[in-house]
Amino acid sequence: MLKTTMLAALMMAPLVAQAQSASQITYRCTGTDGKRYYGSTIPMKCVGRVVEQLNAQGLVVRRIDPDGEEKEREAKAAAAAKAKEEEAATREENRRNRALLATYTSERDIDDSRARALADHRSAVQDVETKIDALKKRRAGYDKELEFYKDKKGKSQPPAKLLDDINGIEVDLKVQEELLATKKKEVDGINARYDQDKKRYLQLTRSSR
């Protein structure tokens with residue numbers, strides 16, 4: 001009976017020591033007033049402050065830093081957002097790859113598609129150039145009519161409608177010339193797009209072999 005009691009006491013000793021040790025944990029901080037505050041739980045004056053956790057011997061075993069915890073939460077949130085963006089980018093890349101493979105069956109398909117796109121573009125450029133030529137011819141006619149009134153040396157002023165027509169032609173010409181300049185720059189973009197499609201197509205088809 002005595003041996004049983006002693007064995008039970010020995011088994012309980014570590015648990016008792018652990019409980020006593022836990023009960024002797026102290027929290028300490030320096031308040032906003034510069035004073036030190038202690039407590040078996042975190043004192044109210046320590047809320048939002050750096051708190052030190054002391055063991056029974058008065059040694060610091062842990063530091064609780066609210067700012068550090070906030071930074072850690074922010075870092076985790078940023079990492080989660082970045083992972084989400086990367087996942088979305090991967091899904092989009094996979095979608096584009098599937099669409100590319102569904103669109104083309106060979107390199108020649110890509111070259112043919114490029115040729116059609118460039119032909120359509122040339123046609124659009126020619127349409128704009130035709131409009132510019134027509135506007136310039138109309139403006140030349142208005143200029144001749146304007147010269148007629150200039151030859152009269154102020155005896156007769158050009159009608160308001162003629163001046164309005166000339167201004168309208170100038171506006172239309174500016175718009176069409178800007179459009180032509182933009183379209184001419186699009187050629188590089190078309191070629192770059194098909195170059196990229198061809199490069200990706202070769203990468204995808206070669207990796208699947």
Check [Y] with [X], please: is the shortest side-chain N to carboxylate O separation under 4.0 Å?
X      : Y      : result
Asp133 : Lys137 : no
Lys144 : Glu147 : no
Lys174 : Glu170 : no
Asp197 : Arg200 : yes

#### Entry: Whether over 12 other heavy atoms sit under 6.0 Å from Arg108 CZ
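Not more than 12 within 6.0 Å, no.
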### Query
Does atom CZ of Arg49 have more than 12 heavy-atom neighbours from other groups under 6.0 Å away?
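Yes, CZ of Arg49 has more than 12 neighbouring heavy atoms, counting only those of other groups under 6.0 Å.
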Taking the side chain from [X] and the backbone from [Y], do they hold a donor-acceptor pair closer than 3.5 Å?
X      : Y      : answer
Tyr142 : Ile169 : no
Arg28  : Leu54  : no
Thr182 : Glu178 : yes
His121 : Lys183 : yes

### Query
Leu202 and Glu107: side-chain contact (heavy atoms from CB on, under 4.5 Å), yes or no, with the steps?
CA-CA 8 Å; Leu202 291 174; Glu107 292 179 62; 3.3 Å; yes
Distance in Å, [X] [atom1] paired with [Y] [atom2], rounded so as to fall on 0.5 Å steps:
X      : Y      : atom1 : atom2 : result
Asp165 : Asp172 : CG    : CG    : 10.5 Å
Leu100 : Gln203 : CG    : CD    : 10.5 Å
Ile190 : Arg114 : CD1   : CZ    : 10.0 Å
Thr90  : Asn97  : OG1   : CG    : 10.5 Å
Arg139 : Ile132 : CZ    : CD1   : 11.0 Å
Asp112 : Tyr104 : CG    : OH    : 10.0 Å

### Gln57: side chain to side chain contact (heavy atoms under 4.5 Å, CB included) partners, not counting sequence neighbours
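With neighbours one apart ignored, the set is Asn55, Leu59.
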### Task
With the side chain counted from C-beta on, respond yes when Ile42 and Ile64 share a heavy-atom pair under 4.5 Å apart, and no when they do not.
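The answer is yes; the side chains approach within 4.5 Å.
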#### Entry: Side chain to side chain, Asp111 and Lys198, heavy atoms closer than 4.5 Å
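They are in side-chain contact.
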Under a 4.5 Å side-chain heavy-atom rule over Ile, Leu, Val, Met, Phe, Trp and Tyr, are [X] and [Y] clustered together?
X      : Y      : result
Leu204 : Ile110 : yes
Val125 : Leu179 : yes
Leu163 : Leu173 : yes
Ile166 : Phe148 : yes

### Task
Verify whether one side chain among Ser113 and Tyr194 offers a donor that lies under 3.5 Å from an acceptor in the other.
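Tyr194 and Ser113 do have a side-chain donor-acceptor pair below 3.5 Å.
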